[in-house]
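First up is the structure itself, then whatever we jot down about it.
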Amino acid sequence: MHSLTKDQSLWIHNGWAGVMSLLRPLLLDVVPTIQQTAALALGRLANYNDDLAEAVVKGDILPQLVYSLAEQNRFYKKAAAFVLRAVGKHSPQLAQAIVDCGALDTLVICLEDFDPGVKEAAAWALGYIARHNAELSQAVVDAGAVPLLVLCIQEPEIALKRIAASALSDISKHSPELAQTVVDAGAIAHLAQMILNPDAKLKRQVLSALSQVAKHSVDLAEMVVEAEIFPVVLTCLKDKDEYVKKNASTLIREIAKHTPELSQLIVNAGGVAAVIDCLGSCKGNIRLPGIMMLGYVAAHSENLAMAVIISKGVPQLSVCLSEEPEDHIKAAAAWALGQIGRHTPEHARAVAVTNTLPVLLSLYMSAESSEDLQVKSKKAIKNILQKCTYLPALEPFLYDAPPNILKHVVGQFSKVLPHDSKARRLFVTSGGLKKVQEIKAEPGSLLQEYINSINNCYPEEIVRYYSPGYSDTLLQRVDSYQPLIN
């Protein structure tokens with residue numbers, strides 16, 4: 001697109017101001033079809049971009065629309081509500097202009113209209129206003145919209161159910177208090193009953209609304225669970241619609257994150273296995289909530305992390321870590337793997353045997369990784385290494401790891417080798433002991449202590465043999481050695 005000069009912009013702006021001043025009298029025309037056509041034209045203009053929406057506000061058209069919303073026929077009401085929605089969607093400031101001209105009360109009255117199309121248009125406008133922030137959402141609540149939106153989700157028309165569920169989602173998302181008003185109006189039971197509705201777009205909105213309620217607090221999450229959404233919601237993880245899958249995973253994540261008890265309930269319902277299956281059947285951002293849900297479950301306790309391991313969560317997360325091109329998804333997978341591996345040697349081994357550690361290391365070391373991915377990879381490596389006693393997985397790190405990670409690797413060897421004679425022998429034959437002698441550690445540092453602990457596991461001459469420069473020392477002895485001649 002060409003950028004406009006100032007004069008062109010001014011000309012266009014004045015041109016639109018002219019169009020607005022031409023359309024405004026048509027809203028008052030005696031012929032109803034002319035009024036509706038004028039309102040639809042305004043709606044389409046306002047919908048196009050925020051400059052045009054701004055022009056509608058400045059043209060003093062909103063009060064006229066609000067007045068007509070209360071008075072006119074259903075066709076006009078739909079058109080007027082469309083204009084309000086088109087203006088309000090762009091920014092909090094434009095949505096506030098709609099609130100300031102007294103539109104909310106009239107829109108709420110339209111939610112009781114006998115015509116489903118009028119209800120739908122009003123619900124849509126209210127949802128778009130509530131979407132922006134908590135203050136605007138509170139204004140929608142204060143106007144009395146929530147109980148009527150709950151009635152709308154019980155109407156037979158699918159389109160109306162969708163928009164009403166979407167508006168409830170937009171109201172709930174900002175704060176626990178706003179979500180509570182939706183709960184108090186009895187929305188959860190009705191939303192929960194629609195989880196199995198065959199309409200994919202409705203399911204998306206229903207799952208989204210339940211997620212927005214559940215995310216805020218333990219109490220609200222428990223109320224959603226008490227509506228018996230398990231195991232029903234797990235069927236949505238197999239849905240043909242990608243966004244139904246994503247929103248179902250998001251809902252399960254928002255419940256799992258709060259407490260070990262809620263996570264355990266999800267495990268008992270088969271939720272962890274179902275999410276892992278779902279991860280295998282989708283790609284990209286659709287995977288993100290499922291990845292995070294596994295991390296939240298695993299973070300709560302050893303037993304819950306073990307439930308993720310038993311359900312084969314680790315190989316699936318490793319696939320996500322390696323396969324996904326987007327850094328933020330890799331970062332989530334790295335975080336989740338760290339949460340699984342950080343509990344006990346058994347947990348760490350389950351992660352280490354999937355060959356995940358070298359992948360994490362290369363992501364941490366790569367200059368192309370985002371800062372967040374580097375931080376999450378480093379933290380995950382540290383979490384896993386500090387518990388890992390599975391030496392074959394640790395050994396490559398002696399050669400590749402930077403000093404800040406090498407310290408943890410050497411630390412783990414210093415814990416395991418004193419108690420495992422087979423590991424001690426293997427450490428020599430694999431070249432590990434030689435590598436340790438080559439590490440430059442500050443005298444008195446923790447790393448030096450670890451190296452000393454490892455060296456203390458071996459006879460002195462073995463350690464000396466593998467120390468750098470030892471072969472030179474031997475050669476010098478050859479030079480200076482006087483053979484015994486008979």
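Looking at K330 and S377, their side chains never bring a donor and an acceptor atom within 3.5 Å of each other. With 3.5 Å as the limit, one finds a donor-acceptor pair spanning the side chains of S169 and S208.
Residues S370 and H328 have side chains not in contact (no heavy-atom distance under 4.5 Å, counting atoms from C-beta outward). Within the 4.5 Å cutoff, side-chain heavy atoms of S430 are placed close to those of E395. Residues V108 and D105 are not in side-chain contact: their nearest non-hydrogen atoms beyond the backbone lie 4.5 Å or more apart. A 4.5 Å side-chain heavy-atom check between W335 and Y296 finds at least one atom pair inside the cut-off. Inter-residue side-chain proximity for V244 and L237 is flagged as unmet; no heavy-atom pair is nearer than 4.5 Å. Looking at heavy atoms from C-beta onward, L107 lies out of side-chain contact with L111 at the 4.5 angstrom threshold. Residues Q264 and H300 have side chains not in contact (no heavy-atom distance under 4.5 Å, counting atoms from C-beta outward).
Salt bridge status for R349 with E346: absent, with no side-chain N to carboxylate O gap under 4.0 Å.
Closest approach of E228 and V232 over heavy atoms only: O-CG2, 3.8 Å. For the residue pair H90 and H132, the shortest heavy atom distance occurs at C-CE1, 4.0 Å.
Atom NZ of K378 sits in a sparse spot, with 12 or fewer heavy atoms from other residues, nucleotides or ligands closer than 6.0 Å.
Atoms CD and NE2, from E302 and H343 in turn, are 7.0 Å apart once rounded to the nearest 0.5 Å.
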K203 vs D241, salt bridge (Lys or Arg N to Asp or Glu O under 4.0 Å): CA-CA, chis, key distance, verdict: CA-CA 10 Å; K203 272 191 286 201; D241 185 278; over 6 Å; no
- request: Might you work through the side-chain contact (heavy atoms from CB on, under 4.5 Å) test for M293 and I266, ending with a clear yes or no?
  value: CA-CA 10 Å; M293 176 267 184; I266 291 167; 3.7 Å; yes
- request: Decide yes or no on salt bridge (Lys or Arg N to Asp or Glu O under 4.0 Å) for D277 and K238, but give the supporting numbers first.
  value: CA-CA 9 Å; D277 283 349; K238 293 190 172 72; 5.3 Å; no
Could you give the side-chain donor-acceptor pairs of residues 382-394 under 3.5 Å, partners two or more places apart or in another chain?
none

Determine all donor-acceptor pairs shorter than 3.5 Å in which one atom belongs to a side chain in residues 178-187; sequence neighbours excluded.
residue: Q180; atom: NE2; partner: D184; partner atom: OD1; Å: 2.9
residue: T181; atom: OG1; partner: L178; partner atom: O; Å: 2.5

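Tested against K119, the residues E155, E157, E112 include a single side chain to side chain donor-acceptor pair (under 3.5 Å) partner, E155.
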